[in-house]
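Right, one structure below, let's go through it.
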Amino acid sequence: ASSLPRRVDAMQPRVLPGLRIGFGAHVPVGAATPSDASFVFDLHAGVGLYPGRDEAGLVLVPELGYSHDTSPTRGGNHFTPGLLLMFGSWLFSFGIAEHAVLGDSMGAAAFGVRSALVAQLLATSLTLEVGHQWTSVGGEDRHDVRVTAAINLVPLIRAMVWRASHAAR
């Protein structure tokens with residue numbers, strides 16, 4: 001237990017690790033048919049800096065990520081370092097996510113930027129993103145819409161450990 005008075009303790013920033021695994025869809029802007037849509041998989045690890053327990057305010061989540069796109073014509077693997085800049089608390093926050101996109105697309109070097117509107121819900125357990133990704137691949141500019149939902153595994157693991165430790169008592 002903290003030796004700080006309750007009000008001061010409630011204002012202490014929260015530092016929460018995260019390991020998000022996400023799934024979603026990628027649709028090329030101007031796609032000829034809906035069949036051009038593809039499945040995406042994201043994995044991000046980061047550390048969230050949240051306002052105190054009873055406060056709302058600026059939320060920063062620097063993270064490193066990996067993204068895989070299954071598109072047969074535009075797919076690839078990307079390293080995606082970035083930052084979530086949000087307003088809210090550890091229970092609910094919303095804002096923007098900015099990521100660099102570095103990797104390959106169908107064997108060609110790819111680099112670009114992904115920007116998204118993002119919401120974190122349920123004490124960081126669920127993250128929803130809707131965004132735009134621009135990549136340059138072999139001199140061709142590509143614009144894509146991405147929609148993903150991700151689960152943060154850290155709160156789930158903590159809950160399982162807590163439950164197991166209390167069941168053993």
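Note that these values count all heavy atoms, side chains included, but never hydrogens, waters or copies made by symmetry.
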Report task. May I ask whether I21 and I157 are part of the same hydrophobic cluster, defined by side-chain heavy atoms of I, L, V, M, F, W, Y residues being less than 4.5 angstrom apart, directly or through others? Result ->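 Yes.
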Query - Within 6.0 Å of CG in L19, more than 12 heavy atoms from elsewhere - result: yes
Query raised in the report: Does the side-chain hydrogen bond (donor to acceptor under 3.5 Å, both in side chains) test come out yes or no for T135 and R114, once each step is laid out?
Result: CA-CA 8 Å; T135 49; R114 180 184 306 158; over 6 Å; no
Report yes if the side chains of [X] and [Y] come closer than 4.5 Å at any heavy-atom pair, otherwise no.
| X | Y | answer |
| --- | --- | --- |
| L16 | V154 | no |
| V118 | T127 | yes |
| R146 | V40 | yes |
| I151 | S125 | no |
| H143 | H132 | yes |
| N152 | L126 | no |
| L58 | L60 | yes |
| R142 | S105 | yes |

Report task. Decide whether H26 and S71 meet the rule of one side-chain donor and one side-chain acceptor closer than 3.5 Å. Result -> no
Query - R74 and its salt bridge (charged side-chain N to carboxylate O under 4.0 Å, His left out) partner, picked from D69, D144, D104 - result: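 Passing option: D144.
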Requested in this report: State yes or no: are the ring centers of F79 and Y66 separated by less than 6.0 Å?
Outcome: no
Report task. Taking the six-membered ring for Trp and the single ring otherwise, decide whether the centroids of H78 and H99 are under 6.0 Å apart. Result -> no
Query raised in the report: Relative to each other, are the rings of F111 and W134 parallel, tilted or perpendicular (30° and 60° limits)?
Result: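 It falls in the perpendicular class, over 60°.
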Requested in this report: Would you mind checking if E129 and R20 are paired as a salt bridge, meaning a charged N to carboxylate O distance below 4.0 Å?
Outcome: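 Salt bridge flag = yes for E129 with R20.
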Requested in this report: Would you confirm whether T70, through its side chain, and F39, through its main-chain N or O, come within 3.5 Å as a donor-acceptor pair?
Outcome: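 Flag set: sc T70 to bb F39 pair under 3.5 Å.
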